[in-house]
Engineer: 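My questions all concern the structure below.
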There are 4 protein chains.
Amino acid sequence: MSEEELMIQQLFNEEKLTDKQKKIIVAAIESFSEKGYSATSTSEIAKKAGVAEGTIFRHYKTKKDLLLSIVAPLMTKLIGPFVVNDFNKVLDRKYDRVEDFLKATIENRREVLIKLLPVVKILLQEIPFQPELREQFFEQIAKKIFDRVSLIIKGYQEKGELIEMPPESVARLAITSILGYLFSRYVLFPQLEWDDELETERTVQFIMHGLGKK
Amino acid sequence: MSEEELMIQQLFNEEKLTDKQKKIIVAAIESFSEKGYSATSTSEIAKKAGVAEGTIFRHYKTKKDLLLSIVAPLMTKLIGPFVVNDFNKVLDRKYDRVEDFLKATIENRREVLIKLLPVVKILLQEIPFQPELREQFFEQIAKKIFDRVSLIIKGYQEKGELIEMPPESVARLAITSILGYLFSRYVLFPQLEWDDELETERTVQFIMHGLGKK
Amino acid sequence: MSEEELMIQQLFNEEKLTDKQKKIIVAAIESFSEKGYSATSTSEIAKKAGVAEGTIFRHYKTKKDLLLSIVAPLMTKLIGPFVVNDFNKVLDRKYDRVEDFLKATIENRREVLIKLLPVVKILLQEIPFQPELREQFFEQIAKKIFDRVSLIIKGYQEKGELIEMPPESVARLAITSILGYLFSRYVLFPQLEWDDELETERTVQFIMHGLGKK
Amino acid sequence: MSEEELMIQQLFNEEKLTDKQKKIIVAAIESFSEKGYSATSTSEIAKKAGVAEGTIFRHYKTKKDLLLSIVAPLMTKLIGPFVVNDFNKVLDRKYDRVEDFLKATIENRREVLIKLLPVVKILLQEIPFQPELREQFFEQIAKKIFDRVSLIIKGYQEKGELIEMPPESVARLAITSILGYLFSRYVLFPQLEWDDELETERTVQFIMHGLGKK
DNA sequence: AATGAATGAGAATTCATTCAT
DNA sequence: TATGAATGAATTCTCATTCAT
């Protein structure tokens, strides 16, 4: 229970949830991420949560409502640090070298990812099928992060630390590499043993210098 | 109809399919990739295919059967060139430089991807939920490709063209970058205008030299 | 609010109702008469009344209880004047001519009908399905009115003002004509413009002399 | 079964209905007319019809669909004779006297009414709550009949057989009297003994000459 | 007295699958 | 081989009613 409790707190820190509501959320996250949204029945969630099926619908008008109420707050969490911290730190010269910025970014995104992994899985699964989600994701998340990252990139380009290339391409390549790492690490091969510090270092080095021998 | 016909031919080149079977497959691919496997009803597929509901079950014992019969052949297509061509070409010194190999790889994978995009989407969507699929994919595809690629990497490393790093990490980083490109190009932002040759070149350069200014 | 307040006063003049109770009654009348008893949910009534769902059941043990508590007092109102006034007035020679009696009857029934129209609708709707209601209605209302009216009819027949015909038939024909008028006027075509005085006159004339040309 | 079979034939003479469909219709008519549309559950209908609940929804997309498919054809039956027969007979001088026309009208409407009484009940019950029904009824039935009747009335007025009064009022008074009779006869007091010929005669006489003593 | 969360039975509807034709 | 009516279990959702606060 403690881990799920944590997840809930992470996601719904401000909102007041009744005890049953929490149980419903936990059960729903578990089932959705294990079997997918469509393949999960509300009766199953109710049983797992130990509540009556009607109780679910008292709190969430529809099944989709439940899904959105779980996934939507994740979005905020995902953009959090970009909005608040990183950008300023770059400007404040806290991350003088690109490497430092990348490392820090990977590290703090990894934490969120681990804690909210099941919800992230749900989000990834459902984005293609839920227009509301997709829109929210692209408008609020992808775009914002992209803009923010583009600015940061331009900053480093002006300092002569990054090659001249349209910021969008730079962003795509860098983000892709980072997500590729996190995805391999936590989704595709979580069962393998990973030396996280080493792989992070490698990923950063890769992004900076590629795979070719100098 | 011609495009779907093409897809079908690509996927089922050896097998004999009746006319109705083809229609069912086409309809199923369309629906599965649009709404997901679980959210698609067989009656919907039947309607779209213009056949009776019973006809589907004459050809495919269950709904999952239908899914597997669509997705399984894709796997073979995905590993095709690695098995047959590329490796030998590398050994034959056809791709003397890593860059050439990467470029060729990206190019011919892109073609398959475009033609079979809907089926690829279905595969990606369902891998997490269908143990048979996951197993098939990991054992037959991911592992094979990884092994093959590792060998190729070692070859280039021995020739002093790639940095010294465990081949798995090299593979991960390279594959991730390529898939990241293809994924951005065809799944996330197909609506943007892409200069494919340029972006391929950039991706290759990125893999080789990274983003840092020399 | 004032019109509903009026309706409530009309229906529950003697009883003490709390503020919430009044709101519940008003909301229930509105919903029942708009959508029918079965198709109206208690939660809907609660919302419309601005009270908690539980509050309804504090005052009315069941939903049907609520219905009966609304409809039952209407019955008393419906027979009111027959019991109290009209009959005596006829005996007292206040209505010497049948025409005067009919006119007065139509007029004062019309008032009640307008004020309590929504409740009348509910009664009409539910009589076929609620045995308690039907029984109450037939035993206490229909029969009483019929008896009373029969006496009046006999009175006028004895005075030679009405044709010789079994009083039940006379009653049926007369009542039918009056109700037919009120029903057309207020239920079927309330949106048409009606010259009430003229139509009342026509109805009375029709009852007395029919449609044939003398 | 024979009586219901008859009703079905009356209502759906042209359409091809499967055996189960007929059973569903019969069961639905029975239940709807006994308990009302909203208070009848589809599972109840299924049980009564001896079919699986799913079977109902194979033939009728929704419960309301079922209702409409039962009630809609009634409308056609209701206006039938006015459209086809009566009017022409009047013009053809078959009904030279108003009395004859009235008598014939009452008689043939009574037959339809008896055979389709349960469906008529459903129609009356649901018209206030189903806008589609209401509209259909007013536009297609009420209006048509009214127009037709108005013409007939004018015809008799010109022949000097009916008093001068706006045809709408004449129609209202006459129709009201006829329906009042049929309603009393079949809906309100079917349990009483009725001498139909006598009461029809009385109703006709009433319409022509009223209740006053000449 | 009033609330509103919780319930569980039951509502309408969907769905994968079967089977007689 | 193909059909599509039929099924009955399961699904989402509603609702009257209860009860702790």
Side-chain angles (χ1 to χ4, degrees), chain A residues 17-21 23-24 38-47 49-66, chain B residues 18-21 23-24 37-47 49-66, chain C residues 18-21 23-24 37-47 49-66, chain D residues 17-21 23-24 38-47 49-66:
Chain A
L17 299 178
T18 69
D19 188 46
K20 305 245 165 186
Q21 236 171 325
K23 279 182 188 158
I24 291 169
S38 280
T40 299
S41 76
T42 50
S43 85
E44 193 187 330
I45 295 171
K47 211 173 290 168
V51 304
E53 205 169 345
T55 307
I56 294 177
F57 291 93
R58 169 153 292 276
H59 294 292
Y60 307 94
K61 271 218 280 278
T62 64
K63 191 186 163 194
K64 188 176 282 184
D65 230 54
L66 175 58
Chain B
T18 69
D19 187 46
K20 303 242 164 189
Q21 241 172 322
K23 278 182 188 157
I24 291 170
Y37 168 75
S38 280
T40 299
S41 74
T42 49
S43 84
E44 193 187 329
I45 295 171
K47 206 175 292 167
V51 304
E53 296 196 41
T55 308
I56 293 178
F57 290 90
R58 181 148 299 278
H59 294 292
Y60 308 92
K61 270 221 288 276
T62 65
K63 190 186 165 193
K64 188 176 282 185
D65 232 53
L66 175 58
Chain C
T18 69
D19 187 45
K20 305 242 165 190
Q21 239 171 324
K23 279 182 188 160
I24 291 169
Y37 168 75
S38 279
T40 299
S41 74
T42 50
S43 84
E44 194 186 329
I45 295 172
K47 206 176 292 168
V51 304
E53 297 195 40
T55 308
I56 291 177
F57 291 90
R58 180 147 300 278
H59 293 292
Y60 308 92
K61 270 221 288 277
T62 66
K63 190 185 164 192
K64 189 176 282 185
D65 231 55
L66 175 58
Chain D
L17 298 178
T18 69
D19 187 46
K20 304 246 165 185
Q21 236 171 325
K23 280 183 189 158
I24 291 168
S38 280
T40 299
S41 75
T42 51
S43 85
E44 194 187 330
I45 295 171
K47 211 171 288 167
V51 303
E53 206 169 345
T55 307
I56 294 178
F57 290 92
R58 169 154 293 276
H59 295 292
Y60 308 93
K61 272 218 282 281
T62 64
K63 191 185 163 193
K64 188 176 282 183
D65 230 54
L66 175 58

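Within every chain, numbering begins at 1; the chains are lettered A, B, ... in the order of the sequence lines, protein sequences first and strands thereafter.
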Engineer: Could you walk me through whether A:Leu66 and A:Ile45 pass side-chain contact (heavy atoms from CB on, under 4.5 Å), step by step?
Structural biologist: CA-CA 11 Å; A:Leu66 175 58; A:Ile45 295 171; 4.0 Å; yes
Engineer: Is the charged tip of C:Lys63 near the ring of C:Tyr37: under 6.0 Å from the six-membered ring centre and within 45° of its axis?
Structural biologist: yes
Engineer: Between C1' on E:dA2 and NZ on C:Lys23, what's the gap in Å once rounded to a whole number?
Structural biologist: 13 Å
Engineer: What heavy-atom pair brings D:Thr40 and D:Glu44 nearest, and what distance separates the two atoms?
Structural biologist: CA-OE1, 3.8 Å
Engineer: Tell me, with the steps shown, if A:Thr55 and A:Gln21 meet side-chain contact (heavy atoms from CB on, under 4.5 Å).
Structural biologist: CA-CA 8 Å; A:Thr55 307; A:Gln21 236 171 325; over 6 Å; no
Engineer: For a quick check of understanding: with a heavy-atom distance under 4.0 Å over all strands, which category does D:Thr42 fall into, base, sugar-phosphate or nothing?
Structural biologist: base
Engineer: How long is the line joining CG of C:Leu66 and P of F:dT17, in whole Å?
Structural biologist: 10 Å
Engineer: So, OP1 or OP2 of F:dA10: does either fall under 4.0 Å of a side-chain N or O from A:Ser41?
Structural biologist: no
Engineer: At their closest point, which heavy atom of C:Ser38 faces which heavy atom of D:Ala39, and how far apart are they?
Structural biologist: OG-CB, 3.4 Å
Engineer: Rounded to the nearest Å, what distance is computed from the NZ atom of residue D:Lys64 to the P atom of nucleotide E:dT13?
Structural biologist: 10 Å
Engineer: Rounded at 0.5 Å granularity, tell me how far OG1 in C:Thr62 sits from NZ in C:Lys64.
Structural biologist: 7.5 Å
Engineer: Taking it one step at a time, do A:Phe57 and A:Asp65 satisfy side-chain contact (heavy atoms from CB on, under 4.5 Å)?
Structural biologist: CA-CA 9 Å; A:Phe57 291 93; A:Asp65 230 54; over 6 Å; no
Engineer: Any base atoms under 4.0 Å from A:Thr40, or only sugar-phosphate, or nothing? Heavy atoms, all strands.
Structural biologist: sugar-phosphate
Engineer: Among E:dT14, E:dA16, F:dT14, which is the nearest nucleotide to the side chain of A:Phe57?
Structural biologist: F:dT14
Engineer: For the side chain of C:Lys63, counting heavy atoms from C-beta on, which of E:dA16, F:dA16, E:dT14 is nearest?
Structural biologist: F:dA16
Engineer: I need the NZ-C1' distance between B:Lys47 and F:dA5, as an integer number of Å.
Structural biologist: 15 Å
Engineer: Using whole Å, what does the distance between atom C1' of nucleotide F:dA5 and atom OH of D:Tyr60 come to?
Structural biologist: 13 Å
Engineer: Nearest-Å distance, CD (C:Glu44) to C1' (E:dG4)?
Structural biologist: 18 Å
Engineer: Nearest whole Å is fine: how far is E:dA5 P from A:Lys61 NZ?
Structural biologist: 14 Å
Engineer: If you restrict it to nitrogen or oxygen atoms, what contacts under 3.5 Å exist between nucleotides 6-8 of chain E and the protein, and what is each distance?
Structural biologist:
unit_1, atom_1, unit_2, atom_2, d
E:dA6, OP2, A:His59, NE2, 2.6
E:dA6, N7, A:Arg58, NE, 2.9
E:dA6, N6, A:Arg58, NH2, 3.4
E:dT7, OP1, A:Lys20, NZ, 2.8
E:dT7, OP2, A:Ala52, N, 3.2
E:dT7, OP2, A:Thr55, OG1, 2.5

Engineer: Dot-bracket notation for DNA chain F is requested: 5' to 3', Watson-Crick or G-U wobble pairs only, both distances under 3.5 Å, with ( ), [ ], | and . as defined.
Structural biologist: .||||||||||||||||||||
Engineer: Between CZ of C:Arg58 and OG1 of C:Thr18, what distance do you get to the nearest 0.5 Å?
Structural biologist: 11.5 Å
Engineer: Side chains of A:Glu53 and A:Thr42 only: does a donor on one sit below 3.5 Å from an acceptor on the other?
Structural biologist: yes
Engineer: Expressed as a whole number of angstroms, how long is the span from C:Ile24:CD1 to E:dA2:C1'?
Structural biologist: 10 Å
